[in-house]
Every structure is written in structure tokens, then in C-alpha cells.
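Hydrogens, waters and symmetry mates play no part in the numbers below; they use all other heavy atoms, side chains included. Keep in mind the model is a prediction, meaning the values are calculated, not measured.
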2 protein chains.
Amino acid sequence: MSGSWRSFGDEPLPVPLAAALSAFSEQGYHGTSIRRIAEKAHLSVPGLYHHYPSKQALLEGLVMTVMQELLDHSGQALEEAGPSAQRRFDHVVECLLRFHMHRRRQAFIASTEIRSMKPEVRDAYIALRDQQQRMLDRIVEQGVAEGVFATAYPQDASRAVTTMCVAVATWFRPDGDLGPDQVVQRYLSLARATVGAESG
Amino acid sequence: MSGSWRSFGDEPLPVPLAAALSAFSEQGYHGTSIRRIAEKAHLSVPGLYHHYPSKQALLEGLVMTVMQELLDHSGQALEEAGPSAQRRFDHVVECLLRFHMHRRRQAFIASTEIRSMKPEVRDAYIALRDQQQRMLDRIVEQGVAEGVFATAYPQDASRAVTTMCVAVATWFRPDGDLGPDQVVQRYLSLARATVGAESG
DNA sequence: CGGTACAGACCGAGCGGTCGGTCGGCACAG
DNA sequence: CTGTGCCGACCGACCGCTCGGTCTGTACCG
């Protein structure tokens, strides 16, 4: 379906994951006790462990599924953009922005709790994250090669754009002054400027 | 002294603070035990408490002094820049960049452990951080008013620039491919592009 | 000069409490 | 009567922090 990458499903998370998400985003992984998660899930501690084998598995469940979702959506956004570097850039950046607004808490956890992941989880997560970054890197390189982007430092510009999109998750509020469409408009304009595209 | 805001002193931290910094940046605040800090400081647990009254005081000591240092340096950078918006912008951005390279671990802790600060510490830290942000906001507004910056969204652009400078602390390595001067050159170019300054 | 008084730096042992995780069992659906 | 979903009770380990005390110096008194 056209533009389907723009919307993110609103089917709720499994209760224990939702509880973990809420707790982790308030206190962080190590600052959250398993008892607090159980309480938020309206379960006893063993009841929680019936569904997930460990605290780490809750983190993994939150982080890996949401990163896979981002990759799926941005892959679709890229596919739908066609060959134009400008359109590819715009689509992927918009996808990044919408993702970090719709999935802000999961995205925030994923990017701030890397230190709390056990090596195998961390490695798997980093691999997905790098894949996402390389997607944008290649688009910016393509744009520079074709002369539609003017930056002298394509890779740094690409990372800077990703950074500002990721940071949206730290300040965006669904009930804030700016709605998602406004944020997309503004940040797309800023992102284009950063890579030296013509149009503001 | 001219340009003194460009360099950051290399006098080492007090041993307990250095130990806490090292531990916090590896495992995070809640992931670090007071015993681990004591071990890194070559002290017993009571020996550590002889110097600092609590774990929270160690975090406060790390975060507040380094933020004050940033404000001092960027104030000096601003003063030395004179009235030109372009020069003011360049100086403050360069100061932000050099700070986040020289003090990368402290800056990283400060920006990632906000959740771990007790309310009074957090409020004080946020106040300093906002002061720094407003400094750049006003410069960008001035530049737009004078017509030397072209962005349609001055405040968002200002926040985006701050964000990319802060993020330098997460990936910069003193022994990496890029030296501090190169990073300053590249990111200054990107930051100018983001606010729509003429020169790349 | 020797002796006393004191202070800062530090530690072994251990406090009450919480941590992540587990065990055995109960209620109920198929 | 078996499997699923769940829980009260509990485990060993570890948490942040404190107690009572020991050192090493240093300053001042006589």
C-alpha cells in the first residue's frame, strides 16, 4: 500500500513488555527492579517470569522488534522513492522522524540502554542500527555524486542527520506544540540544508 | 588570553571522581556499585565515603563542575567573538565541539544520566543546560534577523546543531581517524549549512 | 628536645534491605 | 487428568551505607 511506511501500527505491546517499557523509560534498565515491572504488569514476579525468562529478555524484546520495524518501514520508504537521490533522502528521513515520534519510548530505550545489553543482544542491535545508518550514508553519497547534494563531508552529514532525527525521540511529546506533520516538515527542511540540498 | 576557551585544562580529577567517571561511563549510574568505584579508586568503601557523602554526590560532582566549565568557556568564546552573528555562531559551536571531545566521558554521563539524578541535582543541571541552549538560540535568531542565516526554523535549527555537537561525545575517540581540528572544521561546515549560512 | 593532643585518611566488619531469579503448588480450561 | 497461567514463599548474592576503630602525620606545650 502506498505510503504505508508512514504509519506505525497501534496494536498494543504484550502487557509485560508495555510494563517494562514504561519502567525502563522512567528509571532506566538498571534503575528498574523486576518487581516494579511485575507490579506495572499486574502480575506477581513468578507470573512475569512465566512470560519472559529474564529481565534482559524484556529489554531484548523491546529493542529488537522495534529496530526491525524501523528497518522494514525504511526499506519500504526507500523502495517507494524510486531512483532519485532527493526523493530517497526525503522518504528515509521522514520515515526516521515518524518512527522516532510514534515509537519514541522504545527508540529512546534502544539508544540509551546499549550499555545495559548483554553482548549478544548488543551486537545484534548494533548490526541493525548500522544497517539503517549505511542506508542513509549511501543515499547521501549518491546525492553528492549526482550533484544534487553539496556537502563536502557526506558521511558526517549523514550521521548528523540521523542524530537529529534520533534526538526527536528525546523531546517530542504527542500533546506538545508541534504535531508529527509539522515536525516532519521542519526537520526535513533542516536535514536537506545539512546535506546541502537546494530546496529549503 | 585570546582563544583560551579553545583549550580545556588537563589537571586530573580527584581520584574518587575519576573512578566514578570511569565506572559510570562503562556501566551507567545504576549499573555501577559503590564497591566497584572504591576498587577503581584503590580505596575501601568507607575510605571512599570519607571523601564523598553518597553515590549521588559523585554524580553531582562530575556533572555540575563540567557543565559550569562549558558555560564558562562558551561565555568567553562569545565575548571574544564580537558583534557578528556569524562569528558568534562559529565560536560557540567550536567551543561546544571541543568541549564534547575533551570532556567526552563527563559530557556523555551528564547527558545520559539525567534520569539518575535526584530532583535537586537534575533541576540545577537542566538549568545550566538550558542556559547553554538559549545562548545558541539567541545567536541563530540574531543571524536570521540580520539576514546572514537563512533557516525558516531558527529554534529547531539551533537545537539540531546542539544535538549534533553533543553527539560527538558518543563517537569521538582521541585515537580515532579524525583529530579535534578536523572534527571542528567538518562540523562547523555542517552546522553552518544547517542554519543556512552562506559559506560551507 | 620529648610528649601530648588532635585531625585527616583510611579500613574490616557488618547493618537492614533489595536484587534477579526459583520452587512447589493451586485453579481452571479442554 | 493434563497443560497453562499464575502465585506465596523463599533463595543466595549483593546493594548503599555506617559503625568503631587504626593509622600517619603535624602542631603545640614544657
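- Surrounding CD of A/Gln142 are more than 12 heavy atoms belonging to other residues, nucleotides or ligands, all under 6.0 Å away.
- Between A/Arg98 and A/Glu94 a salt bridge is recorded (basic side-chain N to carboxylate O distance below 4.0 Å).
- With respect to A/Asp137 and A/Arg134, no salt bridge is recorded, no charged nitrogen being found less than 4.0 Å from a carboxylate O.
- Distance CG (A/Leu43) to C1' (C/dG21): 16 Å, rounded to an integer number of Å.
- Applying the 4.0 Å criterion to OP1 and OP2 of D/dG5, one finds that A/His50 has a side-chain N or O inside that range.
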Worksheet item: Step by step, would you call B/Leu43 with B/Val15 a side chain to side chain contact (heavy atoms under 4.5 Å, CB included)?
Response: CA-CA 10 Å; B/Leu43 282 172; B/Val15 174; 5.7 Å; no

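- Between the CG atom of B/Leu59 and the C1' atom of D/dG16 there is a distance of 15 Å, rounded to whole Å.
- When rounded to the nearest whole Å, the span between CD of B/Gln27 and P of D/dC14 equals 14 Å.
- By the 30° and 60° cut-offs, the orientation of the rings of B/His91 relative to B/Trp5 is tilted.
- Rounded to whole Å, atom P of D/dC6 lies 16 Å from atom CD1 of A/Ile37.
- In terms of phosphate contacts, A/His51 brings a side-chain nitrogen or oxygen within less than 4.0 Å of OP1 or OP2 of D/dC6.
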Discussion item. Using a 4.0 Å heavy-atom cut-off to protein, can you give one letter per nucleotide of nucleotides 12-20 of chain C, 5' to 3': B if the base is in contact, S if only the sugar-phosphate is, - if neither?
Written reply: BBB----BB

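- Applying the salt bridge (Lys or Arg N to Asp or Glu O under 4.0 Å) rule to B/Glu146 yields no partners; only residues at least two apart in sequence or on another chain are considered.
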